[in-house]
Amino acid sequence: MTARAIIIGAARSGSGKTSVTIGLMRALRRRGVAVRGAKSGPDYIDPGFHQAATGHPGVNLDSWAMHPDLLAHLGSRQSEHADMLLIESAMGLFDGIVSEPGRSGAAADIARLYDVPCLVILDVSGQSQTAAALAKGFAAYDPNVRIAGVVLNQVASPRHEAMARDAIEAIGIKVLGAVYRNPDMALPERHLGLVQASEHAALEAFIERLADVMEEAIDLDAVMKAAVPLSMQAGDAVRLLPPPGQRIAIAQDAAFSFVYPHLARHWREAGAELLPFSPLADEGPAESADACWLPGGYPELHAGRIAAAKNFHVSMQAFAENRPIHGECGGFMVLGKALEDADGTTHAMLGLLSHVTSYAKRKMNLGYRQATLMSDCAIGGKGETIRGHEFHYSRLVEPGSDAPLAMLADGQGRDLGPSGARRGHVSGTYFHAIARS
């Protein structure tokens with residue numbers, strides 16, 4: 001079976017891509033179409049919504065962080081046993097970094113590499129005929145990126161729709177749908193983006209409502225016709241991160257949840273067993289585990305509960321005596337000595353590393369990262385370079401006295417200095433690992 005694929009893009013974040021995408025996924029699924037989802041770029045949250053809408057895990061397809069062979073491997077695997085693959089763009093369709101050709105991180109790279117057409121979601125609030133200028137810009141900007149059509153979003157009235165639709169169709173671009181303003185379609189947000197699917201109250205009913213809207217607003221037959229058979233070759237998985245152990249205790253609750261689907265899947269397929277535990281429920285890692293992973297998430301929102309989880313603290317201290325522990329971003333914060341919350345209250349953390357972080361003294365850090373490891377650790381061997389990203393508002397207020405874990409550079413190779421920390425069997429960093437360089 002060869003899945004047909006289409007990219008859902010837009011001019012910017014906040015244009016309604018995710019709502020339209022998950023509504024389309026569920027609407028197609030209702031028709032008996034085997035649908036799968038993918039997200040371009042480094043996003044933990046949207047793949048969870050894709051899974052909820054389709055019934056199958058999502059995947060990230062990141063053209064900067066993933067070598068083309070790995071990109072092809074993950075894309076072809078995601079399209080197995082599928083009729084349709086909907087690839088949701090991060091930010092704007094062409095938004096990425098200046099890099100070698102095809103490695104910018106933009107969804108447009110995938111469109112060029114695999115000749116996947118794009119459906120553009122145009123937020124037409126506050127405009128009408130001007131939407132045609134935006135549509136024409138998308139169509140003309142890069143001749144190697146095919147625009148299959150547009151969907152109007154945030155339409156105010158039938159007259160508003162007609163004005164925008166007529167102007168766009170007059171220049172030869174198809175309008176495949178019009179979604180009217182509906183406050184019930186809004187997805188709740190917080191400082192790192194959308195609230196996670198697992199935290200969304202009445203998620204199933206919400207997705208069903210979105211599907212109702214998309215069935216009414218969008219020509220589903222035209223969307224399916226616009227998609228094309230995906231031409232990705234099998235690729236290879238050699239640049240995937242190896243599992244850090246055979247039995248991996250992995251923190252999993254509202255405070256710790258940012259694990260890429262491709263990593264979890266690869267670890268399981270490599271023979272590792274993932275053993276979830278909840279620090280918020282005062283649980284510690286399984287005694288049978290030979291490695292522990294504290295992923296990113298929102299510990300800054302739950303710092304008091306984490307500080308009070310005495311069994312979690314004692315269990316982690318014992319685990320660190322002879323087995324490796326690694327923390328990413330939020331996990332790194334919890335491995336430190338203390339965490340200051342938004343109100344300025346300081347909470348004792350695990351103290352397995354000596355740094356202190358603060359969410360009260362916020363500063364956004366966002367961007368691709370290349371980490372050259374200074375010692376062996378859970379994400380690779382000494383001297384190896386790992387590609388990934390940072391996205392956090394908390395910051396180090398006391399760097400601590402531990403040895404750095406890696407030398408860091410940005411996506412264009414500019415030196416950012418030492419990063420992270422390591423002490424004994426414990427390592428951590430703000431950096432989220434995606435794949436081997």
Side-chain angles (χ1 to χ4, degrees), residues 2-9 36-44 46-47 50 57-80 82 84-118 141-146 227-242 260-267 269-270 367-373 379-381 384-389 409-413 431-437:
T2 300
R4 301 175 70 85
I6 195 165
I7 292 170
I8 312 296
R36 303 291 185 272
K39 175 75 177 188
S40 75
D43 186 300
Y44 286 103
D46 287 348
H50 295 176
V59 74
N60 295 81
L61 300 176
D62 191 313
S63 65
W64 181 84
M66 297 169 176
H67 186 276
D69 286 342
L70 178 55
L71 195 69
H73 169 77
L74 294 174
S76 61
R77 286 292 304 273
Q78 190 67 355
S79 62
E80 288 177 351
M84 283 281 288
L85 177 66
L86 301 187
I87 304 170
E88 182 185 348
S89 164
M91 301 185 294
L93 179 62
F94 296 96
D95 291 333
I97 65 170
V98 177
S99 186
E100 60 190 283
R103 299 293 302 272
S104 75
D109 287 344
I110 299 170
R112 294 186 203 96
L113 285 167
Y114 306 109
D115 197 28
V116 179
C118 304
Y141 182 73
D142 186 337
N144 295 314
V145 175
R146 287 194 289 145
V228 301
L230 190 63
S231 61
M232 285 179 169
Q233 301 301 311
D236 65 60
V238 297
R239 289 176 177 83
L240 285 169
L241 299 179
Y260 282 118
H262 71 274
L263 286 184
R265 179 176 181 172
H266 174 64
W267 289 351
E269 291 178 347
Y368 282 127
R369 301 289 184 261
Q370 303 176 70
T372 302
L373 301 175
I379 60 174
E384 191 171 8
T385 298
I386 308 296
R387 288 196 172 196
H389 72 105
D410 69 10
Q412 295 173 299
F431 164 84
H432 293 277
I434 296 177
R436 293 167 165 172
S437 182

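This structure is a prediction, so every number in the text was calculated from the model and none was measured. Heavy atoms only: backbone and side chains are in, while hydrogens, waters and symmetry mates are out.
Side-chain atoms of H262 never come within 3.5 Å of backbone atoms of A435 as a donor-acceptor pair (strictly under, hydrogens ignored). Between the side chain of Q78 and the backbone N or O of P57, at least one donor-acceptor pair lies under 3.5 Å. Side-chain N or O atoms of D410 include none that pairs as donor or acceptor with a backbone N or O of Y368 at under 3.5 Å. Between the side chain of R387 and the main chain of W64, a donor-acceptor pair closer than 3.5 Å is present. Using a distance-only test at 3.5 Å, with no hydrogens or angles considered, a donor-acceptor pair links the side chain of K39 to the main chain of S89. Of the possible polar contacts, one joining the R436 side chain to the V238 backbone as a donor-acceptor pair under 3.5 Å is found.
Between W267 and L240, every side-chain heavy-atom pair lies at or beyond the 4.5 Å cut-off. Proximity of L113 to L71: side-chain heavy atoms (C-beta onward) are separated by under 4.5 Å at one or more points. When side chains are defined from C-beta on, L230 counts as touching L85, because their heavy atoms get closer than 4.5 Å. Between I434 and D62, the closest side-chain pair of non-hydrogen atoms falls below 4.5 Å.
Nearest heavy atom pair, residue D142 against residue N144, reads OD1-N, 2.8 Å. Scanning all heavy atoms of the two residues, the minimum distance from A433 to L241 falls at CB-CD1, 3.5 Å. The minimum heavy-atom distance linking P229 with R4 is given by the pair CD-NH1, 3.8 Å. Taking each heavy atom of P47 and N60 in turn, the nearest pair found is CG-OD1, 3.8 Å. In terms of heavy-atom proximity, H73 sits nearest to A237 at NE2-CB, 3.6 Å. Residues P117 and A227 share a closest heavy-atom pair of CG-CA, 4.4 Å.
Taking E269 as the reference, R77, R265 meet the side-chain hydrogen bond (donor to acceptor under 3.5 Å, both in side chains) condition, with sequence neighbours excluded. Taking H50 as the reference, E88 meet the side-chain hydrogen bond (donor to acceptor under 3.5 Å, both in side chains) condition, with sequence neighbours excluded.
Within the structure, the side-chain hydrogen bond (donor to acceptor under 3.5 Å, both in side chains) test picks out the following pairs touching residues 97-111 (sequence neighbours left out): S63-D109, S104-D109, D109-R112.
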- Message: I386 vs S437, test: side-chain contact (heavy atoms from CB on, under 4.5 Å). Steps then yes/no.
- Response: CA-CA 5 Å; I386 308 296; S437 182; over 6 Å; no

- Go through the steps for D236 and L70 under the test side-chain contact (heavy atoms from CB on, under 4.5 Å), then give the verdict. CA-CA 6 Å; D236 65 60; L70 178 55; 5.8 Å; no

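The aromatic ring centres of F431 and H389 sit 6.0 Å or more apart.
Side chains of H432 and Y260: a donor-acceptor N/O pair is absent below 3.5 angstrom, by distance only.
To the nearest 0.5 Å, atoms CD1 (I110) and CD1 (I87) are separated by 5.5 Å.
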